[in-house]
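This is a predicted model, so every value here is computed, not measured. In the text below, chain A, chain B and the rest are named by the order of the sequence lines, each starting its count at 1.
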Amino acid sequence: MEKVYNHKLYESKLYAQWEQSGFFNPDTAIKDATPFSIMMPPPNVTGVLHLGHAFENSLMDAEARYQRMRGKKVLFLPGTDHAAVATQARVENELIKSKKYKHPRKELGREGLLNEIRAYAEKSKSTILAQLRTLGISCDWSRLAYTFDEQRSTAVNAMFKRMYDDGLIYRGYRVVNWSVKGQSTCSDDEIVHQEREAILYTFSYSKDFPIPIASSRPETKLGDTAVAIHPDDKRYKKFIGKTFIVNFVGQPLKIKIIADASVDPKFGTGALGVTPAHSQIDYEMYEKNPEIGIIPVIDQFGRMTANAGKTSEGLKATDIRTKIVEQLKADGLLVKEEKIQQSAGTSDRFGDVVEVIPMEQWFVAVNKEIPSSLGSQRPGKTLKDLMREAVTIGHNGDKTQKIQIVPKRFEKNYLNWIDHLRDWCISRQIWWGHRIPVWYRTNKDSLVTERIMSIEQPRGDGWTQDPDTLDTWFSSGMWTFSTLGWPQQTADLATFHPTSWMTMGYEILFFWMARMILMSTYALDQIPFRVAYIHGMLRDEQGRKFSKSLGNGIDPVEIIEQYGADALRFALVYGAAPGTDQAWTLAHLKGGRNFANKLWNMARFLQMNGAKFDAAATTDTALATVIDETTANFEKHHFAEALRTLHNYTWHELADKEFEAAKTDWNDETAARLAQKFTTLLIMIHPFMPFVTEAIWQELGLKQHDTDFLMIQQWPKR
RNA sequence: GGGCGGUUAGCUCAGCUGGUUAGAGCGCUACAUUGACAUUGUAGAGGUCACAGGUUCGAGUCCUGUACCGCCCACCA
């Protein structure tokens with residue numbers, strides 16, 4: 001053995017051996033072993049793996065390797081995510097930046113742009129997969145999945161059909177979040193609220209209208225159809241139910257006074273100009289008072305529509321604001337203008353301030369009763385109910401079908417989010433994604449449009465497919481079972497679902513976890529996973545997020561090159577408490593590298609002194625305690641604690657005390673005892689630092705035959 | 001506005017259901033050795049566990065409040 005452990009000599013070689021051995025594949029395990037499954041959260045094909053991915057995968061791989069050593073039939077299934085809007089936005093940006101195209105969609109057309117995105121995605125995908133191997137991730141490559149491959153597309157279509165047939169997917173005209181820049185809808189959770197300064201104008205529509213209102217967007221007031229006041233507001237109570245015809249900067253409006261408890265009498269003038277077409281809350285008032293009507297005045301390009309009047313039509317909404325304000329001033333109608341801090345919803349992918357616009361889109365109804373197509377398990381329940389039950393009383397009230405969220409505090413976050421959930425807009429106007437399996441045909445004479453849900457093009461002439469694609473979370477919501485062959489009732493599905501353990505960052509709790517629960521409980525009548533382990537985010541040394549714009553990114557592959565995969569994994573796990581952010585620090589990385597080398601040299605010491613490893617030495621109490629603690633910590637998913645225990649004991653007890661003492665009192669008995677202790681620890685450290693431990697195992701000659709890897713040794717019992 | 005988290009050694013953080021001298025990594029100081037490992041060893045410095053009350057035989061650990069950081073959600077037009 002070399003004096004110093006050199007990871008470069010072992011890592012790729014060992015990974016190839018493991019992969020070839022077939023032990024990553026659960027089918028190689030003992031037949032009647034208990035199944036244990038982990039679905040890798042599929043990294044987006046928008047780029048390459050960053051430190052956060054390395055972190056998440058280090059945790060999963062520790063769990064997978066631990067369970068494998070405990071004799072389970074472990075499926076750790078790898079995959080990638082096409083990440084619809086994220087990938088398209090990325091590629092479009094790069095195409096524009098490269099100056100090859102100004103408007104990629106226009107210049108390339110649908111197929112042309114898709115080809116560009118596909119090429120980008122494939123390249124990114126292969127990089128990601130190589131990176132996972134470099135990290136030493138013990139996943140089953142034979143079951144590799146991609147959210148946009150053929151099998152997953154089949155599953156998506158099957159799900160769409162099922163929800164469509166159940167009436168849970170519907171086409172509706174409602175207000176949606178619209179990114180003018182991206183020319184697409186986005187769901188409520190794809191909105192990022194940003195604080196910004198705005199001016200709040202207080203004014204009256206006209207001289208003869210009794211109630212002044214306030215708005216930071218006077219141009220939308222051209223679409224007002226009502227004014228809402230609090231039902232108990234004494235100032236305005238007498239007007240409730242009355243309708244006024246007003247002339248607002250030259251545009252006639254019909255305004256009804258309505259009462260709504262959500263209006264805050266203390267804010268502004270205590271009266272809210274209701275714009276059903278361009279505000280979510282106003283739209284809800286319109287739903288309660290449909291007689292007020294809905295008048296869209298802004299179109300999908302952010303320009304004023306004909307409804308806004310001749311003088312405004314075609315102009316940018318933002319441009320006519322100043323005009324309107326000047327007009328109000330001139331007419332003596334402007335009461336006040338004040339600067340306020342306002343949070344504006346922006347598109348998380350395209351970055352522009354989102355417009356609320358009424359449109360025909362596809363939605364998933366979360367508050368609608370699910371027809372009992374699956375039998376009578378859930379009479380009267382809605383998708384929202386299913387999402388809630390899975391973490392409270394268990395799916396269908398079955399305690400064995402209850403998801404355990406670790407740490408528990410995220411339960412509250414999740415439930416709070418569920419309560420506020422509105423119907424989920426699933427159609428997107430971008431091209432990269434699963435196309436909506438619905439076809440339309442318009443009869444030329446009657447102008448009646450037929451619509452059918454079909455995956456294949458229907459027979460007959462004149463059919464065109466819905467141009468929209470599905471929200472990316474529609475397919476990732478199915479990840480725990482689309483990867484197992486659903487809608488086919490495969491053996492894998494029966495064996496590995498519900499999956500045992502899932503990990504994700506808290507930032508996608510709502511995006512992803514909620515959708516997985518929705519899809520799985522609805523379609524399979526099963527929870528998607530038994531445990532959801534929520535990890536924190538990795539931050540830079542100053543506690544900032546890693547981001548492209550800050551340029552503080554760290555390439556895991558470079559770290560591995562220099563320090564080794566084990567050192568990186570050690571560093572990432574060592575500082576990780578469940579659900580808590582951690583700052584990335586070189587200190588832990590050095591600690592990891594040093595520990596790998598320490599293990600190496602402990603082995604070397606034993607080897608040089610001719611220690612024999614076949615003696616059945618007994619486990620002393622100190623080691624037994626370590627085994628107990630480590631096992632308990634694994635069971636509680638306290639990975640950092642387990643690693644710390646192992647590290648401390650190995651270094652500061654076994655090496656510093658027992659190895660040192662043995663130097664002056666070396667005999668066969670001592671040698672056997674130390675050897676036995678060391679190999680026991682080697683097994684337990686393996687899930688965290690797979691390469692160096694496996695390398696030592698082999699260097700010590702403990703690999704007795706071709707397939708006798710450390711990775712499949714039995715977890716120690718006391 | 002609602003909710004959640006953090007405040008422990010110079011830095012990054014552990015400390016799970018309250019129990020003897022509060023821990024780790026890295027850093028620091030002194031010394032040592034090249035006989036497993038300088039990616040080392042030995043010894044050591046360094047903490048009134050944010051603050052104020054309370055519960056308890058006993059609190060970093062539980063309760064109440066305060067301050068300061070941070071995060072998430074939300075329809076203050």
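Atom CG in A:Leu538 sits about 10 Å away from atom P in B:C13, given to the nearest Å. Rounded to whole angstrom, the span from the CZ atom of A:Phe605 across to the P atom of B:G41 amounts to 13 Å. Computed from coordinates, the A:Lys590 NZ to B:C37 C1' distance equals 17 Å when rounded to whole Å. The distance between atom CG of A:Leu509 and atom C1' of B:G3, rounded to the nearest whole Å, is 14 Å. With rounding to whole Å, A:His193 atom NE2 is found 18 Å from B:G2 atom P. Separating the CD1 atom of A:Ile281 from the P atom of B:G1 is a distance of 18 Å, rounded to the nearest angstrom. As rounded to whole Å, 10 Å separates atom C1' of B:G3 from atom NE2 of A:His420. One interatomic measurement links the two molecules: CE of A:Met537 to C1' of B:C4, which rounds to 16 Å at whole-angstrom precision.
For B:C4, the base has no donor-acceptor partner in the side chain of A:Lys412 [N/O atoms by modelled type, under 3.5 angstrom]. Residue-to-nucleotide contacts include a donor-acceptor pair under 3.5 Å from the side chain of A:Lys663 to the base of B:A36. One donor-acceptor pair, N or O on each side, does fall under 3.5 Å between the base of B:A36 and the side chain of A:Glu660.
Atom name C1', nucleotides B:A52 and B:C68: the rounded distance is 15 Å, in whole Å. Distance noted for atom P between B:G6 and B:C76: 28 Å (whole Å). Across B:U20 and B:A32, the matching P atoms stand 38 Å from one another, rounded to whole Å. Separating the P atom of B:C63 from that of B:A77 is a span of 36 Å, rounded to the nearest Å. Taking the P atom of each, B:U39 and B:C28 are spaced 13 Å apart, rounded to whole Å. Comparing the C1' positions of B:U66 and B:U29 gives a spacing of 40 Å, expressed to the nearest Å. Here, B:A9 and B:G5 have their C1' atoms 23 Å apart, quoted to the whole Å. Distance check on atom P: B:G41 versus B:G35 gives 16 Å, rounded to whole Å.
OP1 or OP2 of B:G41 lies within a sub-4.0 Å distance of a side-chain N or O belonging to A:Lys598. Here A:His652 reaches the OP1 or OP2 of B:G25: one of its side-chain N or O atoms lies under 4.0 Å away. One finds no side-chain N or O of A:Trp651 lying less than 4.0 angstrom from the OP1 or OP2 phosphate oxygen of B:U40.
Side chains of A:Tyr5 and A:Glu699: a donor-acceptor N/O pair is absent below 3.5 angstrom, by distance only. Looking only at atom types and distance, the side chain of A:Asp581 has a donor-acceptor partner in the side chain of A:Tyr506 under 3.5 Å away. Side chains of A:Thr670 and A:Asn667: a donor-acceptor N/O pair is present below 3.5 angstrom, by distance only. Inspection of the A:Tyr563 and A:Glu558 side chains reveals no N or O donor paired with an N or O acceptor under 3.5 Å.
The side chain of A:Val4 sits closest to B:U39 out of B:A36, B:U39, B:C71. If you check B:U12, B:U39, B:G25 against the side chain of A:Ala583, the one that comes closest is B:U12. The side chain of A:Asn594 lies closest to B:U39, out of B:A77, B:C16, B:U39. Which of B:G25, B:U39, B:C73 sits closest to the side chain of A:Ala587 comes down to B:G25. In this structure, of B:C73, B:C16, B:A77, it is B:A77 that holds the atom nearest to the side chain of A:Phe267.
Contacts of A:Asn648 with the nucleic acid, taken as non-hydrogen atoms under 4.0 Å apart, involve only primed sugar atoms and P, OP1 or OP2. Among the protein residues, A:Gln342 comes within range of the sugar-phosphate backbone only, with heavy atoms under 4.0 Å from sugar or phosphate atoms but none that close to a base. Residue-level contact check: A:His7 touches neither bases nor backbone, having no heavy atom under 4.0 Å from any strand. A:Phe410 comes within 4.0 angstrom of no nucleic acid atom, judged by non-hydrogen atoms across all strands. The residue A:Asp656 sits close only to the backbone: its heavy atoms come under 4.0 Å of sugar-phosphate atoms, none of a base. Residue contacts for A:Arg644: at a heavy-atom cut-off of 4.0 Å it reaches the sugar-phosphate backbone alone, with no base atom in range. A:Thr580 comes within contact range of the sugar-phosphate backbone alone, with a heavy-atom separation under 4.0 Å but no base atom that close. At the heavy-atom level, A:Met602 lies under 4.0 Å from base atoms of the strands shown. Here A:Ala640 lies out of heavy-atom contact (under 4.0 Å) with every strand.
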Report task. Let me see the working for A:Ser347 and A:Glu190 under side chain to side chain contact (heavy atoms under 4.5 Å, CB included), right down to the final yes or no. Result -> CA-CA 6 Å; A:Ser347 152; A:Glu190 285 168 295; over 6 Å; no

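Look at B:U21: it lacks any Watson-Crick or wobble partner with both distances under 3.5 angstrom. Look at B:G58: it lacks any Watson-Crick or wobble partner with both distances under 3.5 angstrom. With a cut-off of 3.5 Å on both Watson-Crick or G-U wobble distances, the partner of B:C51 is given as B:G65. With a cut-off of 3.5 Å on both Watson-Crick or G-U wobble distances, the partner of B:U40 is given as B:A32. Taking a pair to require two hydrogen-bonding distances under 3.5 Å in either a Watson-Crick or a G-U wobble arrangement, B:G46 remains unpaired. Of the nucleotides present, B:C73 is the one that pairs with B:G1 by Watson-Crick or G-U wobble criteria, both distances under 3.5 Å.
Toward the 5′ end of RNA chain B lies the nearest nucleotide of A:Leu586, the other residue of the pair A:Leu586 and A:Ser215 mapping further downstream. Toward the 5′ end of RNA chain B lies the nearest nucleotide of A:Ala577, the other residue of the pair A:Lys221 and A:Ala577 mapping further downstream.
Between A:Asp656 and A:Trp651 there is a side-chain heavy-atom pair separated by less than 4.5 Å.
Classified by interplanar angle (parallel below 30°, tilted 30° to 60°, perpendicular above 60°), the ring pair A:His647/A:Phe570 is tilted.
Aromatic ring centres of A:Trp501 and A:Phe639: separated by under 6.0 Å.
Both cation-pi conditions hold for A:Arg174 and A:Phe363: the charged atom is under 6.0 angstrom from the six-membered ring centre and inside a 45 degree cone around its axis.
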